[in-house]
Protein chains: 2
Amino acid sequence: MPPYEPSAYPPFAVTVDLVVLTVRRHALSALIVRRGEAPFQGRWALPGGFVREEEDLSEAAARELAEETGLHAHGPVEEDTPAHAAHLEQLATYGDPKRDPRMRVVSVAHLVLAPDLPAPRPGGDVGGARWAPVETLVGPADDDEEHPPLAFDHRRILADGVERARSKIEYSSLATAFCPQEFTVGELRRVYEAVWGVALDPRNFHRKVTGTPGFLLPTGGTTTRQGGRPAQLFQAGGATILNPPMLRPEV
Amino acid sequence: MPPYEPSAYPPFAVTVDLVVLTVRRHALSALIVRRGEAPFQGRWALPGGFVREEEDLSEAAARELAEETGLHAHGPVEEDTPAHAAHLEQLATYGDPKRDPRMRVVSVAHLVLAPDLPAPRPGGDVGGARWAPVETLVGPADDDEEHPPLAFDHRRILADGVERARSKIEYSSLATAFCPQEFTVGELRRVYEAVWGVALDPRNFHRKVTGTPGFLLPTGGTTTRQGGRPAQLFQAGGATILNPPMLRPEV
DNA sequence: CCAAAAGTGTTCATTTTACACCCATGT
DNA sequence: ACATGGGTGTAAAATGAACACTTTTGG
């Protein structure tokens, strides 16, 4: 390739797309927005948008997240951790030349894990936003209102994000990102059960998570919000890598 | 692209950068090339280049790999697996607005794992290519010929690639990508030892890898190329995910 | 009282680790 | 003969899985 006139290399548009996951009513759910513009106007899609001229990729992802949902995020990169921010990390980049019918668009997908939230507050240029259980989005496309086919290659991106979340909660403390700041062992267990889609033994789970150094930090309080005997409250301990890991039961 | 004038979004250049790893003389080593052009002219860097107009990201990575090293690659995506291809997967994307002094460049880094090779055959517009042990590249930059500081943010990219390889050989069969098509259990063990930088018990290692279903497939042959008693030859079995995983000893 | 969820103890099976020992080749 | 790496046996220790049982609340 000849030196470096801007015309010497192909121009691309670069976007960020967001796989925003939460656990709602025992189901792993993703945030989807209704597109207000062509292409795929009126179709559901992952939130996202163009990266700006002077913006890093993770900044763009955090900005789009705030614009379209009102959520604040922190990733492994930033040092400040506002009390109740969601987890943000880069997922993968999608650059099929035909993935956007308009032009060549490379999309850097990000994964956001958030606690269960009040209804999403859509903003910007999206026509609506809602949580949908991931099985209704990555399963067979029935094309009704409960199984809307996603725009672009967003179904694939979502599937990759879900797979990442499923495997990452095994060996990291990321499952706590789905919990409120203070949570019980039972609530954390229901996160694992929802994300993996399996039932876990409450007794062995309790021993395991409380015995993994750095995973959980007791806050001293208790709650009975789940009914039954009062449960101790915990917050996420400092550890990011779990040793030993949580083992996902065989399929 | 009617509704979308190109001026409505910022134009980016998109490149692929390659973290090409191999195990040479018991050391995990990376492929670096000497830059023939500004910026960072004469400095060592990761191989890479611009993505073309009609090319997917993994195609661009495979093309650059072939152009600059003569290696052929196959990823999890492509179905054809030419007899002796290197493993290729996407690593991460780097888009700091200041990472390239010329203009806004987003680089999609890829990770390539290859068996030990004859001296790399540089091609294209690079001034030279060599293997360097990764410690000499990601450690403190002494700025001599043995510890050359890499161009751009390539030291960070390399570090991320090395970390990915180190963790991924734990739970996947990827370590076999560092071996020739036929290899012995001892050769595979030396791969783990080099990548992790630890010593492993040869006897327990042997039992473990031969007992993990789908990891190794005996070819029937034997070799004495390592000296001592003849060793059975294996090739990679079909499995990609190891169950149980190889456990990296504690630090 | 009962139901529900939290949490503890105990037992058995499996896996990991450490290391003694034998095997088959080259020199 | 002996050095070198390949490979098996075995027993102790650590871990994981199953499940009986107790605790503390709300209704």
Side-chain angles (χ1 to χ4, degrees), chain A residues 23 25-26 169-171 179-180 182-194 196 198-213 215-235 241-251, chain B residues 23 25-26 170-171 179-180 182-194 196 198-235 241-251:
Chain A
V23 174
R25 300 193 231 99
H26 289 206
I169 64 173
E170 274 193 275
Y171 56 89
C179 294
E182 286 198 335
F183 55 89
T184 71
V185 171
E187 288 163 350
L188 182 62
R189 175 170 49 80
R190 282 180 276 277
V191 164
Y192 276 92
E193 291 178 331
W196 285 343
V198 298
L200 300 174
D201 185 299
R203 301 155 293 187
N204 291 334
F205 183 88
H206 185 280
R207 220 190 328 262
K208 178 121 193 189
V209 294
T210 56
T212 298
F215 195 3
L216 298 184
L217 197 63
T219 65
T222 62
T223 183
T224 60
R225 60 183 173 227
Q226 302 290 341
R229 166 175 168 180
Q232 282 183 263
L233 285 168
F234 295 87
Q235 55 187 226
I241 294 190
L242 297 187
N243 198 318
M246 303 297 298
L247 289 182
R248 186 177 181 174
E250 307 293 314
V251 281
Chain B
V23 174
R25 298 194 229 99
H26 288 207
E170 275 193 272
Y171 57 89
C179 294
E182 287 198 335
F183 54 89
T184 70
V185 171
E187 288 163 350
L188 182 63
R189 176 171 48 82
R190 282 180 277 277
V191 164
Y192 275 92
E193 291 179 330
W196 285 344
V198 299
L200 300 174
D201 185 302
R203 299 155 295 186
N204 291 334
F205 183 88
H206 185 282
R207 218 188 331 257
K208 178 119 192 188
V209 295
T210 54
T212 298
F215 195 4
L216 298 184
L217 196 64
T219 65
T222 61
T223 183
T224 59
R225 60 184 175 228
Q226 301 289 342
R229 167 177 167 180
Q232 282 182 262
L233 285 169
F234 295 87
Q235 56 185 224
I241 292 189
L242 297 187
N243 199 322
M246 303 298 297
L247 288 181
R248 187 177 181 174
E250 306 293 311
V251 278

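Side-chain atoms are counted along with the backbone in the values below, which use heavy atoms only and exclude waters and symmetry mates. In what follows, every chain begins at residue 1, and chains take the letters A, B, ... in the order their sequences are listed.
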## Note on the structure
Nt span of DNA chain C in reach of chain A heavy atoms at under 4.0 Å, 5' end first, is C/dA4 to C/dT10
### Query
Would B/V198 and B/L200 satisfy side-chain contact (heavy atoms from CB on, under 4.5 Å), going step by step from the backbone distance to the final call?
CA-CA 6 Å; B/V198 299; B/L200 300 174; 3.9 Å; yes
#### Entry: Interatomic spacing from CG in A/L188 to CE in A/M246 - rounded to 0.5 Å
7.0 Å
## Note on the structure
Nearest heavy-atom approach of A/R203 to A/D201 is N-OD1, 2.7 Å
### Message
Which heavy atom of B/F234 sits nearest to which heavy atom of B/V185, and what is that distance?
### Response
CE1-CG2, 3.6 Å
### Query
Side chains of A/K208 and A/N204: closer than 4.5 Å at any heavy-atom pair?
no
### Query
Taking the side chain as C-beta and beyond, is there a heavy-atom pair between A/I169 and A/V191 under 4.5 Å?
no
### Query
Can you check whether A/F205 reaches A/E193 side chain to side chain, under 4.5 Å on heavy atoms?
no
#### Entry: Validation row: B/Y192, B/V23 side chains within 4.5 angstrom (heavy atoms)
no
## Note on the structure
Here the gap from A/N243 atom CG to A/F215 atom CZ, rounded to the nearest 0.5 Å, amounts to 12.5 Å
### Task
Only pairs at least two apart or in different chains count here, so list each salt bridge (charged side-chain N to carboxylate O under 4.0 Å, His left out) that has a residue in residues 213-232 of chain B.
B/E187-B/R225
#### Entry: Interatomic distance, B/T184 atom OG1 to B/L216 atom CG [nearest 0.5 angstrom]
10.0 Å
### Nucleic acid contacts of residues 202-214 of chain B, taken as heavy-atom distances under 4.0 Å to DNA chain C
B/R203, B/N204, B/R207, B/K208
Extract from the structure each pairing of a protein N or O with an N or O of nucleotides 23-27 of chain D at less than 3.5 Å, listing the distance.
from   : atom 1 : to     : atom 2 : distance (Å)
D/dT23 : O2     : A/R229 : NH1    : 3.1
D/dT24 : O2     : A/R229 : N      : 3.2

### Summary
Residue set satisfying ring-ring contact (aromatic ring centres under 6.0 Å, His included) with A/Y171, at least two apart, ordered chain then number -> none
### Query
Of the residues in residues 182-194 of chain A, which ones touch DNA chain D at a heavy-atom distance under 4.0 Å?
none
### Query
Starting at CZ of A/R248 and ending at C1' of D/dG16, how long is that distance when rounded to a whole Å?
18 Å
### Query
What is the distance from CZ of B/F234 to C1' of D/dG7, rounded to the nearest Å?
10 Å
### Task
Measure the spacing between OG1 of B/T223 and CG of B/L233 and express it to the nearest 0.5 Å.
5.5 Å
